[in-house]
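Notes follow the structure.
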Amino acid sequence: MGDDYEMRLYDVGEYDEEPPPRRAARPYQSTVSYAEAEIQHGLGRLGVDRSGALAHIEFDDSALRRMRPDPLGDYLLAALRTAEEMARRKRIGGHRRDR
């Protein structure tokens with residue numbers, strides 16, 4: 001058989017392909033949502049569809065980098081509950097107008 005050859009990490013050359021270009025930062029643009037809510041401390045916004053299911057989350061990158069990660073889940077959950085409640089109220093209000 002031949003010589004045993006063990007490949008090592010430093011034997012691999014540089015990655016030949018260029019990484020994809022970074023997306024430029026853009027101001028928040030709302031996507032189609034039935035209801036939206038702000039995430040605490042200016043971290044961004046999230047939106048839900050008519051049934052209250054999460055439709056999108058838009059973060060403010062600079063605010064996100066400045067915060068501790070510990071409370072992020074709590075902030076998202078609070079915003080989601082607010083948006084769900086807003087969607088519920090809009091549905092109820094729409095049903096009352098249809099009568």
Side-chain angles (χ1 to χ4, degrees):
M1 292 255 152
D3 297 326
D4 287 330
Y5 181 74
E6 184 178 320
M7 187 171 184
R8 294 180 187 93
L9 183 60
Y10 55 81
D11 291 335
V12 178
E14 288 291 317
Y15 191 69
D16 294 332
E17 294 181 33
E18 291 184 25
R22 281 187 67 157
R23 290 187 337 189
R26 62 180 169 80
Y28 172 74
Q29 296 175 351
S30 177
T31 58
V32 178
S33 296
Y34 190 68
E36 292 185 343
E38 289 282 330
I39 302 170
Q40 294 177 33
H41 304 289
L43 294 174
R45 298 179 61 81
L46 64 76
V48 296
D49 64 13
R50 186 172 170 81
S51 68
L54 181 64
H56 78 275
I57 299 176
E58 182 85 22
F59 287 111
D60 179 325
D61 293 337
S62 61
L64 197 57
R65 282 189 210 108
R66 291 189 308 261
M67 72 163 289
R68 292 177 314 127
D70 305 345
L72 181 59
D74 293 335
Y75 297 159
L76 288 173
L77 188 57
L80 181 58
R81 286 181 175 152
T82 300
E84 286 172 339
E85 180 63 22
M86 290 172 64
R88 187 183 72 74
R89 287 182 184 171
K90 283 177 80 171
R91 282 192 314 270
I92 290 171
H95 290 297
R96 287 182 182 160
R97 282 190 293 254
D98 294 341
R99 290 183 183 183

Residue pair Leu72 / Met67: nearest heavy atoms and the distance that separates them: N-CE, 3.9 Å
Compare every heavy atom of Ala35 with every heavy atom of Ala87, then report the nearest pair and how far apart it is. N-CB, 3.6 Å
Set of side-chain contact (heavy atoms from CB on, under 4.5 Å) partners for Glu85, sequence neighbours left out: Arg88, Arg89
Among residues at least two apart in sequence or on other chains, which ones pass side-chain contact (heavy atoms from CB on, under 4.5 Å) with Ala53? Asp49, Ser51
Is there a path of hydrophobic side-chain contacts, each under 4.5 Å between heavy atoms of I/L/V/M/F/W/Y residues, joining Met86 to Leu54? no
Can you tell me how far CG of Leu46 sits from CD of Glu58, rounded to the nearest 0.5 angstrom? 11.0 Å
CZ of Arg45 to CD1 of Ile57: how many Å apart, nearest 0.5 Å? 13.0 Å
Quick check against the 3.5 Å criterion: does Lys90 have a side-chain atom that pairs as donor or acceptor with the backbone of Tyr34? yes
Is Arg91 reaching over with its side chain to a backbone N or O of Arg50, donor-acceptor style, under 3.5 angstrom? yes
With a cut-off of 3.5 Å and sequence neighbours excluded, list every side-chain donor-acceptor pair involving residues 74-83.
residue, atom, partner, partner atom, Å
Tyr75, OH, His41, NE2, 3.2
Thr82, OG1, Ala78, O, 3.0

Step by step, would you call Ile39 with Asp60 a side-chain contact (heavy atoms from CB on, under 4.5 Å)? CA-CA 10 Å; Ile39 302 170; Asp60 179 325; over 6 Å; no
